[in-house]
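Here the structure comes first, spelled out in structure tokens, and everything after it is commentary.
Below, each value reflects all heavy atoms present in this structure, side chains not excepted, and no hydrogens, waters or symmetry copies. Labels below follow one simple rule: chain letters A, B, ... track the order of the sequence lines, proteins then strands, and each chain is numbered from 1.
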Amino acid sequence: MNTNEQLDRLVARSVDLHTREEFERKLKAAASENRPLRIKYGADPSAPDIHLGHVVGLNKLREFQDGGHTVVFIIGDFTAMIGDPSGKSQTRKPLSRDQVKENAVSYQEQVFKILDPDRTEVRYNSEWLSPMGFEDVIRLSAHVTVAQMLARDDFSKRYGANQPISLVEFLYPLVQAYDSVMVKADVELGGTDQLFNLLLGRELQKVMGQEPQVIMTLPLLEGLDGVNKMSKSLGNYIGVTEPAKDIFGKAMSVSDDLMWRYFSLVLCMREDEMAAMQEAVASGARHPRDVKDELGRKLAARFHGEAAAAAASEEFARVFSKSELPEDIPELTLSAGDLENGTIGILSIMVKGGLASSNSEARRLITQGAVKINDEKVADPKHFLTPADGMIIRSGKRGFLRIKL
RNA sequence: GGUGGGAUAGCGAAGUGGCCAAACGCAUCAGACUGUAAAUCUGACGACUUAUGUCUUCGAAGGUUCGAAUCCUUCUCCCACCA
């Protein structure tokens with residue numbers, strides 16, 4: 001692959017690139033000197049679950065690696081131990097050293113599902129941040145002005161709206177920028193929300209006499225709701241360690257419009273290939289559900305293999321399309337002590353079996369017509385039943401329970 | 001240090017003595033419609049074996065009152081502005 005091809009491939013799907021000229025120059029220089037570029041990527045170990053939103057960036061990193069470059073994967077263990085108050089009023093609670101270490105390990109396991117370990121340099125930023133004294137911090141801070149900080153969109157908005165901004169939040173971008181200096185990054189990758197921080201890395205490198213890093217931002221993947229970016233705190237994510245059937249099921253719940261984003265950003269489907277699929281759906285040649293099934297399968301297969309993906313797809317069709325029973329149904333074992341005259345109230349079964357968190361909730365579900373015993377609708381919350389082994393209680397679309405005596 | 005504002009259910013946000021288990025929006029759950037879609041519509045959304053019933057909730061603790069989310073006192077926490 002020559003440099004131009006590589007450039008095109010690497011630039012695909014990116015949003016910002018500062019600057020293309022520099023990037024081209026760096027790629028050429030690296031090729032002629034036969035040395036890899038150092039691609040920096042920062043990870044926050046306070047949320048150790050990697051989801052598809054992260055995969056967007058990891059995919060790109062992998063492309064760099066396939067081009068022979070080195071990924072410098074920075075685990076922000078130092079910053080995690082301080083706790084980032086950014087955004088919401090709720091301060092993120094600082095993690096202990098052990099927690100951070102633990103998270104970092106699981107983080108790496110997940111990341112190497114996508115990245116090539118041989119071309120990855122894992123670094124912890126405590127390595128250079130911990131030994132710093134207050135004097136060093138002050139010197140570092142001197143490089144940036146408040147006006148520069150307020151240029152960040154989210155800061156200026158919050159400042160204008162009389163919302164609190166902690167001083168720590170000002171320090172965070174600075175720390176991140178300093179990481180770039182310490183690892184001598186050639187390129188830094190991040191989501192579009194990271195633009196400011198990445199740019200600050202460039203500035204700081206310049207000030208400190210380094211060649212500034214090229215920065216590349218990638219689109220933020222929308223979560224399952226189709227509106228907000230995928231994030232753990234919003235609960236709209238698909239995690240890479242989730243069971244195949246959950247990955248599949250969640251993928252199926254995505255709207256038709258959104259599924260193309262997943263094809264493109266997570267599965268890296270080529271433009272022309274995708275255009276052909278969209279055309280097929282538009283003309284009616286392919287049913288959108290089948291396309292989504294393909295999406296779900298491919299996602300599940302990526303993290304669990306083809307066999308598991310196929311099984312997930314079949315299970316899904318059985319349970320939801322045909323409304324049959326899933327393979328694994330949680331069991332509730334009833335003992336004689338639970339029964340009165342050989343019967344038991346439907347409400348207590350539901351609460352015991354975890355189908356409802358309170359009697360009131362169980363009652364609600366029943367009056368709303370969500371509950372079935374062996375496929376027969378229950379209308380009366382006061383219903384008492386004589387349990388039989390293997391009896392199936394169903395609540396809504398997802399709640400199942402098998403009685404065991 | 002000073003001045004002002006604030007703390008209400010998962011979140012946002014009304015409510016300034018009884019009609020408040022607390023409007024509304026979002027989220028959630030259920031039903032209808034479907035392709036488990038999405039969108040839409042309907043309903044539910046503190047608990048209690050559903051009762052025009054009881055109990056626990058409106059930052060915390062006390063108090064006033066027949067009656068308090070609402071008034072008073074103290075406390076805790078948060079924010080803005082001025083210095």
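- Pairing of B:U42, defined by two Watson-Crick or G-U wobble distances under 3.5 Å, is identified with B:A30.
- The nucleotide B:G59 finds its pairing partner in B:C75, both defining distances of the Watson-Crick or G-U wobble pair being shorter than 3.5 Å.
- Here, B:U54 and B:G4 have their P atoms 43 Å apart, quoted to the whole Å.
- Heavy atoms of A:T367 sit nowhere under 4.0 angstrom from any nucleic acid atom.
- Here, B:G25 and B:A14 have their C1' atoms 11 Å apart, quoted to the whole Å.
- Counting only residues at least two apart or in different chains, salt bridge (charged side-chain N to carboxylate O under 4.0 Å, His left out) contacts with residues 361-376 of chain A are absent.
- Rounded to an integer number of Å, the gap from CG of A:N236 to P of B:A38 is 14 Å.
- Nearest-nucleotide positions on RNA chain B for A:D225 and A:S357 put A:D225 closer to the 5' end.
- Of the P atoms belonging to B:C55 and B:U74, the separation is 32 Å, rounded to the nearest Å.
- Per the geometry, CZ belonging to A:R286 stands 17 Å off P belonging to B:G35, to the nearest Å.
- Atom CZ of A:F320 is separated from atom P of B:A38 by 12 Å (rounded to the nearest Å).
- Figure legend. B:U64 is base-paired to no nucleotide; pairs are counted as Watson-Crick or G-U wobble with both atom distances under 3.5 Å.
- Spacing of P atoms, B:A9 relative to B:G1, comes out at 30 Å, to the nearest Å.
- In summary, A:E211 and A:K26 engage in a salt bridge, as defined by a charged side-chain N under 4.0 Å from a carboxylate O.
- Taking atom P on both nucleotides, B:G62 is separated from B:C79 by 28 Å, rounded to a whole Å.
- Comparing the C1' positions of B:A7 and B:C58 gives a spacing of 10 Å, expressed to the nearest Å.
- Across all strands shown, A:G226 has no heavy atoms under 4.0 Å from either base or sugar-phosphate atoms.
- In this structure, CZ of A:R261 is placed 17 Å from C1' of B:A38, rounded to the nearest angstrom.
- When Watson-Crick and G-U wobble pairs are counted only if both distances are under 3.5 Å, B:A47 pairs with B:U54.
- Across every strand in view, B:A80 sits in a pair with B:U3 that passes the Watson-Crick or G-U test at under 3.5 angstrom.
- B:U8 and B:C82 are spaced 27 Å apart, taking the P atom of each and rounding to whole Å.
- Residue A:D186 forms a side-chain contact (heavy atoms from CB on, under 4.5 Å) with just one option from A:V72, A:L27, A:L37, and that option is A:L37.
- Two residues, A:S358 and A:K377, neighbour RNA chain B, and the one matched to the more 5' nucleotide by heavy-atom proximity is A:K377.
- Protein atom NZ of A:K397 is 11 Å distant from nucleotide atom C1' of B:A32, rounded to whole Å.
- Residues that satisfy the side-chain hydrogen bond (donor to acceptor under 3.5 Å, both in side chains) test with A:D257, not counting sequence neighbours, are absent from this structure.
- A 3.5 Å limit on both hydrogen-bonding distances identifies no Watson-Crick or G-U partner for B:C20.
- Using N1 to N3 plus N6-O4 or O6-N4 for Watson-Crick, or N1-O2 and O6-N3 for G-U wobble, each under 3.5 Å, B:A9 pairs with nothing.
- No side-chain heavy atom of A:D256 sits under 4.5 Å from any side-chain heavy atom of A:V281.
- A:D257 places its CG atom 14 Å from the C1' atom of B:G35, with the value rounded to the nearest Å.
- With a 6.0 Å radius and a threshold of 12 heavy atoms from other residues, nucleotides or ligands, A:E331 has its CD atom above the threshold.
- Counting heavy atoms of neighbouring residues, nucleotides and ligands inside a 6.0 Å radius, atom NZ of A:K113 exceeds 12 of them.
- Listed by first then second residue, pairs satisfying salt bridge (charged side-chain N to carboxylate O under 4.0 Å, His left out) with a partner in residues 245-254 of chain A read A:E242-A:K250, not counting sequence neighbours.
- Checking B:U70 for Watson-Crick or G-U wobble geometry (two distances, each under 3.5 Å) identifies no partner in any strand.
- B:U8 shows a glycosidic angle more than 90° from 0 and is accordingly assigned anti.
- Using a 4.0 Å cut-off between charged side-chain N and carboxylate O, A:K60 and A:E63 make a salt bridge.
- Under the salt bridge (charged side-chain N to carboxylate O under 4.0 Å, His left out) criterion, the residue pairs touching residues 118-143 of chain A are A:R38-A:E121, A:D116-A:R119, A:E121-A:R123, A:R123-A:E127, A:E135-A:R139, with sequence neighbours excluded.
- Atom name C1', nucleotides B:A22 and B:A13: the rounded distance is 13 Å, in whole Å.
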Atom pairs under 3.5 Å: protein N/O with N/O of nucleotides 26-29 of chain B:
none

Under a 4.0 Å heavy-atom criterion, the protein footprint on nucleotides 49-55 of chain B, written with B, S and -, is SB-----
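- Base engagement by A:P288 is indicated by at least one non-hydrogen atom pair under 4.0 Å involving a base atom.
- In terms of heavy-atom proximity, A:R202 sits nearest to A:V214 at NH1-CA, 4.2 Å.
- Backbone-only engagement by A:G369 is indicated by non-hydrogen atom pairs under 4.0 Å involving sugar-phosphate atoms exclusively.
- Note: CG (A:D256) to P (B:U40) measures 15 Å, nearest angstrom.
- Ion pairing of A:E315 with A:R318 is present here, as a side-chain N (NZ or NE/NH1/NH2) and a carboxylate O approach within less than 4.0 Å.
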